[in-house]
Q: 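Questions regarding the structure given below will be posed in turn.
By convention in this document, chain letters (A, B, ...) are assigned in the order of the sequence lines, proteins followed by strands, and residues within each chain are numbered from 1.
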2 protein chains.
Amino acid sequence: MSKTNQDLPVPRKRGRPPKGGLGYENTREALIRCGMELLTEQGFINTGLDQILKKVGVPKGSFYHYFQNKEAFGYVVLENYSQYFIHKLEKHLSNNDLTPLARIQSFIDDAIQSVEHFEFKRGCLVGNLAQEFGCSHDFFKEKLEAVFKEWKLRIADCLELAKAEGSLAPEADCEKLADFFWIGWEGAVMHSKLHQNKQAMELFAEQFFKLLPKT
Amino acid sequence: MSKTNQDLPVPRKRGRPPKGGLGYENTREALIRCGMELLTEQGFINTGLDQILKKVGVPKGSFYHYFQNKEAFGYVVLENYSQYFIHKLEKHLSNNDLTPLARIQSFIDDAIQSVEHFEFKRGCLVGNLAQEFGCSHDFFKEKLEAVFKEWKLRIADCLELAKAEGSLAPEADCEKLADFFWIGWEGAVMHSKLHQNKQAMELFAEQFFKLLPKT
DNA sequence: GACTTATATAGACGATCGGTCTATAAATGC
DNA sequence: GCATTTATAGACCGATCGTCTATATAAGTC
């Protein structure tokens, strides 16, 4: 994700795009990227299609060429966000230059820096959607649960590594701790967004590491 | 808050209410109570006035007699929720039959039972509004921050008691721990609502107590 | 007890906005 | 050249918020 969207300069032509051109993916991905921005900032319901379309410079009719409806769009954005996030997570958690626990800290630092960079306007898309749809919406519910499961797995694995390596006590329940991590993390992101500072995220991270049973 | 709303039986009469009657508070409070229900379940934006009015059996014209607009209504609902919640909190945290730490556990048990009773459909109104308005809305932002501050204070005081009493180590930073508590708690409520079970809330509570530096 | 004022309900109405649908334009392919 | 594919263009419909006027009932006034 780049700093700001430089999507406007694209003067879309009306008909079928020329062969070599990547017209389709171009527009579609611009919509998804913009969706990630706005949904992360404002949530799903609160973000109108018009706002997205205006920002990307795409007329309404185009939108429904690329997506079935707003819901389907949201699902794709969520999927993309999830992919992006897992990629980020794995980048840190598989960094062999660091000890397993330091890798988690490295991810946290990155996340804090990112949130800071966006002036605490962006929260977590998964958290947003979870709160907006929560139970009520089975379609999203299952996907959201699956995403959290993926995230949890990654942290749990990393904690297992720490255990094997000896920096985490053998009696530690890595699954539980990983669950705990994401539960608290979501709360921390929400608080940071509300208070417009990184204090909550830092505080949670600090306490989380304090909680880990060391050898 | 009662289990279900028994608001419908009230057959509102049209004109000025009789002197002794509490017509005003009656309708107004029914609206607020219903607002607490629905905003806690669905969030602010997602809940239409019409839905509230239909459920309480009040026509639109009445609503704008009691409240300036939807936003002002939301603010009043938030204020009421906050009051209700602080009352609940204080009930537990000032229970002299229990040790300070047991009082916090007592509050947690109550909250879990409550969420369970509502079949995990209700989240935390403050969390909902924080995520919906977050930064973007100064009016709510300040109120939400104030509410969290109040909640934090109560827990911090209780932890101080525990420290004085000797069940909490003297080096414990009660403010930090109280902050941490609410950060994680919000995340736990969100997760419980998403997964439709109390696991997240229980897990967070368990780990929180494990984290406290004991003597 | 008639007239005015205060309190509240009743619901039609308009402006706005989100989401859907049909029409149009441009390039391709046979 | 004509059908097909791919994308844009924007009209349209319905829902929602908030306002407005009308109505009903009680209270106050003399």
Q: Taking only N and O in the side chain of A/Tyr66, is any of them less than 4.0 Å away from OP1 or OP2 of D/dT8?
A: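 Answer yes for this pair, as a side-chain N or O of A/Tyr66 is under 4.0 Å from OP1 or OP2.
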Q: State whether a side-chain donor-acceptor pair under 3.5 Å links A/Asn46 with B/Glu132.
A: no
Q: Is A/Arg33 paired with A/Glu29 through a side-chain N to carboxylate O contact shorter than 4.0 Å?
A: no
Q: B/Asn69 has an atom CG; how far is it from atom P of D/dT16, in whole Å?
A: 18 Å
Q: Give the rounded distance in Å between these two atoms: NZ of A/Lys70 and P of D/dA15.
A: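 Spelled out: NZ on A/Lys70 to P on D/dA15 is 17 Å.
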Q: So, A/Asp109 and A/Gln105: side-chain donor and acceptor under 3.5 Å apart, yes or no?
A: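 Checked: A/Asp109/A/Gln105 side chains pair up, N/O donor to acceptor below 3.5 Å.
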Q: Could you check whether the side chain of A/Lys60 and the base of C/dG19 have a donor-acceptor pair of N or O atoms closer than 3.5 Å, going by distance alone?
A: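 Answer yes: a donor N or O sits under 3.5 Å from an acceptor.
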Q: A/Phe67 has an atom CZ; how far is it from atom C1' of C/dT20, in whole Å?
A: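 Those two atoms, CZ and C1', are 16 Å apart.
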Q: In whole angstroms, how far is the P atom of D/dT16 from the CD1 atom of A/Ile45?
A: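 Nearest whole value for this atom pair: 12 Å.
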Q: Look at the side-chain N and O atoms of B/Thr27 and state whether any lies under 4.0 Å from the OP1 or OP2 oxygen of C/dT9.
A: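 Checking C/dT9 against B/Thr27, a side-chain N or O does come within under 4.0 Å of OP1 or OP2.
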Q: Nearest to the side chain of A/His65, which nucleotide is it out of C/dT9, D/dA9, D/dA7?
A: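 The answer is D/dA7, which lies nearest to the side chain.
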Q: Do NZ/NE/NH1/NH2 and the carboxylate oxygens of B/Lys121 and B/Glu41 come within less than 4.0 Å?
A: no
Q: Any side-chain N or O of A/Tyr64 below 4.0 angstrom from OP1/OP2 of C/dT20?
A: yes
Q: Students often mix this up, so state it plainly: with edges at 30° and 60°, are the rings of A/Trp182 and A/Trp151 parallel, tilted or perpendicular?
A: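 Taking A/Trp151 first and then A/Trp182, their aromatic rings sit tilted (interplane angle of 30° to 60°).
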Q: Using heavy-atom distances to pick each residue's nearest nucleotide on DNA chain C, tell me which of A/Asp50 and A/Gly61 is more 5'.
A: A/Asp50
Q: Between atom CZ in A/Phe63 and atom C1' in C/dC21, what is the gap in whole Å?
A: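 In whole Å, C/dC21 C1' and A/Phe63 CZ are 14 Å from each other.
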Q: Can you tell me the distance, in whole Å, between the NZ atom of A/Lys54 and the P atom of D/dT8?
A: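 Nearest whole value for this atom pair: 19 Å.
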Q: Specify the separation, in whole Å, of atom CZ of B/Arg28 and atom C1' of C/dT7.
A: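 In whole Å, C/dT7 C1' and B/Arg28 CZ are 15 Å from each other.
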Q: Given atom CG of B/Asn46 and atom C1' of C/dG18, what is their separation to the nearest angstrom?
A: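 Distance check: B/Asn46 CG to C/dG18 C1' gives 14 Å.
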